[in-house]
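Heavy-atom basis, side chains included; hydrogens, waters and symmetry copies ignored.
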Amino acid sequence: MLFALQYFDSLYRQYPKAIAGEATKILVETRKAADAVIQESAQKAHADLARAIATAAQAVARDAARRQMLQWLVAGMALGAALMMIGAVIGAKWLGG
């Protein structure tokens with residue numbers, strides 16, 4: 001009977017070591033999985049940010065091009081109006097002169 005109790009006692013003393021070893025193994029695996037998820041999320045966020053920056057840059061460039069086109073259009077219209085007025089003044093002097 002004493003032999004059996006000593007045997008079971010030795011088995012029960014091994015459980016904390018086995019539990020600690022499994023807990024360490026699970027912790028390592030969990031950290032690896034968490035690191036993989038974090039890295040994947042960071043890469044996705046980086047790609048999303050790059051896409052957002054590219055979209056914003058395109059919008060800014062498009063707005064700048066529109067603004068510049070409008071400025072040239074207004075300048076061209078002003079120049080055309082000035083030339084028409086000069087032509088009208090010259091024509092009036094030539095015909096009336």
Find the distance between CG (L79) and CD1 (I86) and round it off to the nearest 0.5 Å.
8.5 Å
Report the distance from atom NZ of K93 to atom CD1 of I90, rounding to the nearest 0.5 Å.
8.5 Å
Apart from V60 itself, residues in the same hydrophobic cluster as defined by side-chain heavy atoms under 4.5 Å
none
Connected hydrophobic set around I53, excluding itself, where side chains approach under 4.5 Å
L49
Who passes side-chain hydrogen bond (donor to acceptor under 3.5 Å, both in side chains) against K44, sequence neighbours left out?
D48
Would you check if Q43 and H46 make a side-chain contact, meaning some heavy-atom pair closer than 4.5 Å?
no
Side chain proximity check, L73 to M69, heavy atoms < 4.5 angstrom
no
Quick check: are there more than 12 heavy atoms from other residues, nucleotides or ligands sitting under 6.0 Å from CD of E40?
no
